[in-house]
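Computed from a predicted model, the values in this text were never measured in an experiment. Letters go in sequence order (proteins before strands), and every chain restarts at 1.
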Amino acid sequence: MTNSSGRLSRRFFARPTLEVAQDLVGQILVKKQGKSRIRARIVEVEAYLGVGADAASHAHRGPTPRNSEMFETPGRLYVYLIYGVHYCMNVVCERRGEAGAVLLRAAEPIEGLSIMRQRRPREGPELTNGPGKLSSALGVDLRSNGLDLVTGPMGLWPGDPAACVERSSRIGIRQATEFRYRFFDPDSHYVSQGKPSS
DNA sequence: CCATAGATTGACT
DNA sequence: GTCAATCTATGGA
């Protein structure tokens, strides 16, 4: 499921959101930064489904100006501002016109740590162990909304598959708490500290 | 128009 | 443990 440049391909993302979410744990997120680059291994994600399927999803009630990327071409980035303060980064799934996205909640830094610390002066897991922290360390904000991960300056490459991927309900939501749509690598020290909602 | 809740984080008691 | 930061979307007057 890679293209000629070795990235995860459009086909990888154009699948059911829950499948993509599980498969993203262990993959490598790469951002080109001029001459240097940032790399980080994804260790925690959550799936958010489409219209009428998942009351916790931004797409649940249909398209709005904020969530329009969730209905766009799979493999693009959906970035939104949460609580008017922090940014959250999602990978768009499903076919174009059908909503679905995977929230990237945490990752282990591999390369470009000095650039990340410049943006976020923290040590160890505090650098990237939450969705807002990860976006801030990578310098992702609304300008990155709609960026194409299959062809653009950010992308996803195959990484070490996790020895095991665990599953739980999602963190920080009050709707649809019964769905176990969170996937994470239990062996990673960079998994976020929040508690599942159910 | 006004009120409220939210896929979070960090500062503070 | 509490709470404020302040943008987007929704629901009611």
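The distance between atom CZ of Arg120(A) and atom P of dT8(B), rounded to the nearest whole Å, is 14 Å. Atom OH in Tyr181(A) sits roughly 15 Å away from atom P in dA7(B) (whole-Å rounding). When rounded to the nearest whole Å, the span between CG of Leu81(A) and P of dC7(C) equals 7 Å. Atom NE2 of His60(A) and atom P of dG6(B) are 14 Å apart (whole Å). To the nearest angstrom, C1' of dC7(C) lies 15 Å from CG of Asn67(A).
Using P as the reference atom, dC12(B) and dT6(C) are 16 Å apart when rounded to the nearest Å. With C1' as the reference atom, dG10(B) and dT8(C) are 22 Å apart, rounded to whole Å. Rounded to the nearest Å, the gap between the C1' atom of dT4(B) and that of dA4(C) is 16 Å.
Checking Arg122(A) against Ala56(A), the closest nucleotide of DNA chain B that is more toward the 5' end is the one next to Ala56(A). Nearest-nucleotide mapping onto DNA chain B: of Gly84(A) and Lys133(A), the residue sitting toward the 5' end is Gly84(A).
Remark: the backbone N or O of Ile171(A) is paired with a side-chain donor or acceptor of Glu46(A) at under 3.5 angstrom. Asn67(A) places a side-chain N or O within donor-acceptor distance of the main-chain N or O of Thr64(A), the cut-off being under 3.5 Å. Not a single donor-acceptor pair under 3.5 Å links the side chain of Glu111(A) to the backbone N or O of Ile38(A).
Under 3.5 Å, the side chains of Ser136(A) and Arg119(A) contain no donor-acceptor pair of N or O atoms.
With distances taken from any side-chain atom of Arg174(A) to the nucleotides dT10(C), dG10(B), dG6(B), the minimum falls on dG6(B). In this structure, the nucleotide among dA9(C), dA7(B), dC7(C) sitting nearest to the side chain of Pro65(A) is dA9(C). Of the candidates dG11(C), dA7(B), dG10(B), dG11(C) carries the atom nearest the Arg61(A) side chain, counting heavy atoms from C-beta on. Checking dG6(B), dA7(B), dT9(B) against every side-chain atom of Leu103(A), the shortest atom distance belongs to dA7(B).
If you run salt bridge (charged side-chain N to carboxylate O under 4.0 Å, His left out) between Asp148(A) and each of Arg7(A), Arg10(A), Arg76(A), only Arg10(A) comes through.
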Point to revise | Working for side-chain hydrogen bond (donor to acceptor under 3.5 Å, both in side chains), residues Ser197(A) and Arg170(A) | key: CA-CA 6 Å; Ser197(A) 294; Arg170(A) 293 170 290 186; over 6 Å; no

Practice item. Go through Arg117(A) and Glu123(A) one step at a time and tell me if the salt bridge (Lys or Arg N to Asp or Glu O under 4.0 Å) criterion holds. Key: CA-CA 8 Å; Arg117(A) 285 201 202 93; Glu123(A) 283 304 315; 3.2 Å; yes

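Here Arg66(A) lies in heavy-atom contact (under 4.0 Å) with sugar-phosphate atoms only.
Base pairing in DNA chain C gives the following stems of 3 or more Watson-Crick or G-U pairs, range against range and under 3.5 Å: B:1-6 with C:7-12, B:8-12 with C:1-5.
Of all non-hydrogen atoms in Thr177(A) and Ser169(A), the two that sit nearest each other are O-CB, 3.4 Å.
Between the side chain of Tyr80(A) and the base of dA7(B), at least one donor-acceptor pair of N or O atoms lies under 3.5 Å.
Around atom CZ of Arg11(A), no more than 12 heavy atoms belonging to other residues, nucleotides or ligands sit under 6.0 Å away.
Annotation: proximity of residues 85-100 of chain A to DNA chain B (heavy atom, distance under 4.0 Å) is found for His86(A), Asn90(A), numbered in ascending order.
Tyr48(A) and Val51(A) fall into different hydrophobic clusters, where Ile, Leu, Val, Met, Phe, Trp and Tyr residues are linked whenever their side-chain heavy atoms come under 4.5 Å apart, directly or through other members.
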